[in-house]
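Small disclaimer: the values here were computed from a predicted structure and weren't measured. Note: hydrogens, waters and symmetry copies are ignored here, and every other heavy atom, side chains too, is used.
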Amino acid sequence: MTQPLIGVSTYLEQASWGVWRLPAALLPAGYPRLVQSAGGIAAMLPPDDPDRAAATVARLDGLVVAGGPDVEPVRYGAEPGPRTGPPARERDAWELALIRAALDRGTPLLGICRGMQLLNVALGGTLVQHLDGHVEAVGVFGRHPVTPVTGTLYASLVPEESSVPTYHHQSVDRLGDGLVVSAHAHDGTVEAVELPDPAWVLGVQWHPEMADDTRVMAGLVRAAS
């Protein structure tokens, strides 16, 4: 069986290596490793002209929208709160275009943390701009349990309550059109959303690339095969 090609969105950041300090397309290594462990081939997708998103997605079997900075509140009709981070406008535009292209084509789609939030925004939803308790410390992933909602795609992949690596301070507020909640944290925070069949569209608030559980990514790879 041919391994599916899974695109993963990336960051454009200043980076240092050896004697160099240059702009770089960056992606934490956990993302491609998780795709590879789940049986896929990982392809990095640096920010590009949003008009090229449809052609990019057409070359892929599946898409992962990775974690990263806060979504600019103007994208969901809000003013930035005092604890909302600086905008990443180029990345917002590119990843929203990727999401819309994947939805239009029926390409299997997994949104991780920011990626889940962007999926919600792309479908007309809004975000809570700050909540406490989902970050261990600055630069340190925490863990907490999430509980699946019976009968959902997510529950078919991970049927039991599980402890997941987490690092976020924003979350889903009003659900986007057609989305359903498929997991919660104990404090009621929405931890996963999805579109019902026949699409394979799932967003998770945590960071599966920071753990050994490949079941969510394996679900994407199977759907893309």
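Taken to the nearest 0.5 Å, the OH atom of Y11 stands 7.0 Å off from the CG atom of L27. Distance check, rounded to the nearest 0.5 Å: CZ of R215 to OH of Y154 gives 7.0 Å. In this structure, the separation between CG on L118 and CG on L96 is 5.0 Å, given to the nearest 0.5 Å. Taken from CG in D61 to OG1 in T2, the straight-line distance is 9.0 Å, to the nearest 0.5 Å. One distance of note links CG of L60 with CZ of R105; it measures 9.0 Å at 0.5 Å rounding. To the nearest 0.5 Å, the span separating CD on E90 from CG on D49 amounts to 9.5 Å.
Nearest heavy-atom pair, G115 versus I99, reported as atom, atom and distance to 0.1 Å: O-CD1, 4.3 Å. Minimum heavy-atom separation, G39 to P4: O-CD, 3.8 Å. Between Q3 and G40, the shortest heavy-atom contact is NE2-O, 4.1 Å. Nearest heavy atom pair, residue G178 against residue P196, reads O-CD, 3.3 Å.
Between the side chain of N120 and the main chain of T126, a donor-acceptor pair closer than 3.5 Å is present. At least one donor-acceptor pair closer than 3.5 Å links the side chain of E194 to the backbone N or O of L153. Remark: the backbone N or O of S163 is paired with a side-chain donor or acceptor of R143 at under 3.5 angstrom.
Side-chain contact between L220 and W200 is present, with heavy atoms from C-beta onward closer than 4.5 Å. Put simply, the side chain of E13 does not reach to within 4.5 Å of the side chain of P23, judged on heavy atoms. When side chains are defined from C-beta on, R91 counts as touching S9, because their heavy atoms get closer than 4.5 Å. For the pair H186/H144, no side-chain contact is recorded, criterion being any heavy-atom separation below 4.5 Å from C-beta on. Inter-residue side-chain proximity for P50 and R100 is flagged as unmet; no heavy-atom pair is nearer than 4.5 Å. For the pair V128/T189, no side-chain contact is recorded, criterion being any heavy-atom separation below 4.5 Å from C-beta on. Between Q129 and Q170 there is a side-chain heavy-atom pair separated by less than 4.5 Å. When side chains are defined from C-beta on, W94 does not count as touching L12, because their heavy atoms never get closer than 4.5 Å.
Residues L98 and V64 fall into different hydrophobic clusters, defined by Ile, Leu, Val, Met, Phe, Trp and Tyr side chains chained together at heavy-atom separations under 4.5 Å. Both L123 and V201 are assigned to one and the same hydrophobic cluster, defined by single-linkage of ILVMFWY side chains at heavy-atom distances under 4.5 Å. Note: the hydrophobic cluster containing V65 also contains L195 (ILVMFWY, side chain heavy atoms under 4.5 Å, direct or indirect links). A continuous path of ILVMFWY side-chain contacts below 4.5 Å connects L5 to L109, so both sit in one hydrophobic cluster. L63 and Y31 fall into different hydrophobic clusters, where Ile, Leu, Val, Met, Phe, Trp and Tyr are joined by side-chain heavy atoms under 4.5 Å apart, directly or via other members.
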Audit row: Q205, S171, side-chain contact (heavy atoms from CB on, under 4.5 Å) steps and yes/no: CA-CA 7 Å; Q205 184 68 80; S171 65; 3.8 Å; yes

CA sep, side-chain torsions, deciding dist, call: Q36, I6, side-chain contact (heavy atoms from CB on, under 4.5 Å): CA-CA 9 Å; Q36 293 158 356; I6 308 298; over 6 Å; no

Derivation and outcome, side-chain contact (heavy atoms from CB on, under 4.5 Å), residues V204 and V146: CA-CA 10 Å; V204 297; V146 299; over 6 Å; no

Step-by-step side-chain contact (heavy atoms from CB on, under 4.5 Å) determination, Y76 to D173: CA-CA 11 Å; Y76 49 94; D173 187 9; over 6 Å; no

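Of the options T152, V190, V172, a side-chain contact (heavy atoms from CB on, under 4.5 Å) to V181 is made by V190 and by none of the others.
A 6.0 Å sphere centred on CZ of R33 holds no more than 12 heavy atoms belonging to other residues, nucleotides or ligands. The 12-atom threshold is not exceeded at CH2 of W20, counting heavy atoms of other residues, nucleotides or ligands nearer than 6.0 Å. Heavy atoms from other residues, nucleotides or ligands lying under 6.0 Å from CD of E79 number 12 at most.
Under 3.5 Å, the side chains of E209 and H207 contain a donor-acceptor pair of N or O atoms.
Between D70 and R75 no salt bridge is recorded (no basic side-chain N to carboxylate O distance below 4.0 Å).
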